[in-house]
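Along the sequence shown, residues are numbered consecutively beginning with 1.
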Amino acid sequence: MRRNQCLRTYQVRFVTPAFLGGADQSGQWRVPPFKALLRKWWRIVWWNAQERPSLENLRLWESRLFGTTAGLEAGASRIRLRIDTWRQGSLRKNHFDNVKCGEIVHREVKRKLNAALYLGYGPIGWDKAQKRPGLQRLSAVGTDEKGQLTLMYPAELDRDMTQTMRLLALFGCLGARSRNGWGSLSLYDASQNVSDLFDENVLDHKSRSAREWMDRLAVPWIDALQHDWCHALGRDDKGLLLWCTDSRERWEDVLTLLARIKIHLRTQFAFHEQGPHTKLCERHILAYPVTNHVLQAWGDDKRSANQLFFKVHAVGGGFCGLVAHLTHGMPQVLKRALKEKTSEQDLCSMEHSVWSRVHESLDKQLVRLP
C-alpha cells in the first residue's frame, strides 16, 4: 500500500434484487455504480462539514477527489475502487417468478397490482403470456449475491470516507428503481474484523444515541427546500425524518408494505380532473412525471425525482424497511417553467403543505426514528 493511504475492504451483499446494467443489460457487477453511490453520499458529508458550502467549491473538491477530464482541474481520481468480480447477475429472466411480492390495491386504477411491478416498473414489466410480472432484461443481481469492494484513498480523507460508508450502509441501494428499495445492500468492513457498518440499534426508536452521528448531516426540512438537490438528511421538531416498518419474514413482504405506503402517500393528493393540467397540482410536488397527469408547463420531458428513499434491511432473522426524506426544493428548470402560472410564494406554500402531510402520514403508518 502506498504511504499516507488508507486501504479498506468491504463485503457487499444484496438484500433485494438489483437492476444493474452492462452492455447486454445482464445485471453485471461493475465499479461505476458503486463509485456513483459513493459520490452521492460523500456530497452530503462534505456539504454539511463546511461553514459556508457552495456548489462551486463542491464541484471543485469532487473533481479533485473523484477525477475529471474537464478544464484546469483535469486529473485522475484520488479515490480508487475495485471489486473482486465482474460476473453476470444470478437472477435470470426465466426465474423471476421466484420473486413473490404481494398484491396491492390502487384506488385510482380500480384493480389489484403486483407490488414488484409497481415499485420496479421499467426493469419489471407484465408478462402477458404468463400473466405475472416479468424481468425485462437478461438477468439481475439476485438476493444474497456477495462480492468484495476495496477502497483506497488519501489518509486525510479517512474521517469523511468512514462517515460516507456509514451512510451508504444505512441508506445505500444500487441500480434502476433503487429509490424504491430495489438493490438494497448490506455492507461489512472486512478490514476491521468483519464488523457491520450498519448498527441495528439505529432502527430502535428508543435508541436515540445510535442515531446521534447523523445529527450533523441533518437540517430543518423547510430550510433544505432552498437547494434543489439531495444535500442533507431532513429533520423537524420531532427529530430526523426517518421511519421504519415492523419486521417481516421475507424481503418481498417489506417491499409489498412499502408499495402500499407509496400508493397511499401519492393518492392522498387526488386529481380532480384528467390531464393535461394548466395549473400545478399537489401530487406534482412529490415527483414528476405523473401518469395521465401531464402539466402543460413541463410537458413530458421534465423530471423531478422522488425525495423519499426506501431501503430494505436484513435484521434479526427477518427484514424491515427504512424510509428517509432527503428534502430538497423543486429543480430550478421546473421552477422557471412555472413562473407565468405559479408565483414563488404559492409554490413555497404548496411545498410546505404537501411535505407536512407526507410526514404526518408516515408518522401514522410507520415508527418514527427521531
Quick one, [X] and [Y] - any side-chain contact, counting heavy atoms below 4.5 Å?
{"X": "Arg303", "Y": "Leu334", "result": "no"}
{"X": "Ile222", "Y": "His352", "result": "yes"}
{"X": "Asn48", "Y": "Val219", "result": "yes"}
{"X": "Ser353", "Y": "Glu282", "result": "yes"}
{"X": "Met330", "Y": "Ile285", "result": "yes"}
{"X": "Gln163", "Y": "Leu217", "result": "yes"}
{"X": "Asp144", "Y": "Arg13", "result": "yes"}
{"X": "Arg82", "Y": "Val31", "result": "no"}

Treating Ile, Leu, Val, Met, Phe, Trp and Tyr as nodes and any side-chain heavy-atom pair under 4.5 angstrom as an edge, say whether [X] and [Y] lie in one connected cluster.
{"X": "Val105", "Y": "Tyr118", "value": "no"}
{"X": "Leu308", "Y": "Leu167", "value": "no"}
{"X": "Trp229", "Y": "Leu241", "value": "no"}
{"X": "Val99", "Y": "Val141", "value": "no"}

Do [X] and [Y] sit within salt-bridge range, that is, some charged N less than 4.0 Å from a carboxylate O?
{"X": "Glu108", "Y": "Arg266", "answer": "no"}
{"X": "Glu103", "Y": "Arg111", "answer": "no"}
{"X": "Arg368", "Y": "Asp236", "answer": "yes"}
{"X": "Asp363", "Y": "Lys238", "answer": "yes"}
{"X": "Asp228", "Y": "Lys335", "answer": "no"}
{"X": "Lys339", "Y": "Glu344", "answer": "no"}

Find the distance between [atom1] ([X]) and [atom2] ([Y]) and round it off to the nearest 0.5 Å.
{"X": "Ile104", "Y": "Asn114", "atom1": "CD1", "atom2": "CG", "value": "7.5 Å"}
{"X": "Phe309", "Y": "Ser178", "atom1": "CZ", "atom2": "OG", "value": "7.5 Å"}
{"X": "Phe96", "Y": "Arg132", "atom1": "CZ", "atom2": "CZ", "value": "9.0 Å"}
{"X": "Leu255", "Y": "Ser184", "atom1": "CG", "atom2": "OG", "value": "7.0 Å"}
{"X": "Arg235", "Y": "Asp237", "atom1": "CZ", "atom2": "CG", "value": "11.0 Å"}
{"X": "Thr9", "Y": "Asp189", "atom1": "OG1", "atom2": "CG", "value": "8.0 Å"}

Mutual orientation of the aromatic rings belonging to [X] and [Y] [parallel < 30°, tilted 30-60°, perpendicular > 60°]:
{"X": "His359", "Y": "Trp221", "answer": "perpendicular"}
{"X": "Trp46", "Y": "Trp42", "answer": "tilted"}
{"X": "Tyr288", "Y": "His284", "answer": "perpendicular"}

What are the two closest heavy atoms between [X] and [Y], and how far apart are they?
{"X": "Arg283", "Y": "Thr267", "answer": "NH2-CA, 3.6 Å"}
{"X": "Pro370", "Y": "Arg208", "answer": "O-CD, 3.3 Å"}
{"X": "Leu187", "Y": "Ala169", "answer": "CB-CB, 3.9 Å"}

Checking the side chain of Lys311 only, and the main-chain atoms of Asn180 only, is there a donor and an acceptor separated by less than 3.5 Å?
no

Would you confirm whether Arg248, through its side chain, and Gly321, through its main-chain N or O, come within 3.5 Å as a donor-acceptor pair?
no

One pair to check against ring pair (Phe, Tyr, Trp, His ring centres under 6.0 Å): His313 and Phe198. What are the steps and the verdict?
CA-CA 9 Å; His313 281 285; Phe198 167 67; 4.0 Å; yes

Walk me through whether Glu56 and Leu60 qualify under side-chain contact (heavy atoms from CB on, under 4.5 Å).
CA-CA 6 Å; Glu56 182 180 5; Leu60 179 63; 5.9 Å; no

Side chains of Ser356 and Glu360: any donor to acceptor distance under 3.5 Å?
no

When you compare the side chains of Gln296 and Thr278, does any donor N or O come within less than 3.5 Å of an acceptor on the partner?
no

Per ring pair (Phe, Tyr, Trp, His ring centres under 6.0 Å), Phe14 is matched among Trp29, Trp182, Phe19 by Trp29

Taking the six-membered ring where the residue is Trp, are the ring centres of His328 and His231 under 6.0 Å apart?
no

Quick check: Trp243 with His325 (ring centres under 6.0 Å apart)?
no

Establish, yes or no, whether the cationic atom of Arg30 lies under 6.0 Å from the six-membered ring centre of Trp86 and within 45° of the ring axis.
no

Tell me whether the count of non-hydrogen atoms from other residues, nucleotides or ligands lying under 6.0 Å of CG in Asn94 goes above 12.
yes

Under 6.0 Å from the NZ atom of Lys341, do we count more than 12 heavy atoms belonging to anything else shown?
no

List the steps, then state whether side-chain contact (heavy atoms from CB on, under 4.5 Å) holds for Leu81 with Ile79.
CA-CA 7 Å; Leu81 288 84; Ile79 298 174; 4.0 Å; yes

Identify the residue among Val315, Val254, Val312 that makes a side-chain contact (heavy atoms from CB on, under 4.5 Å) with Val15.
Val312

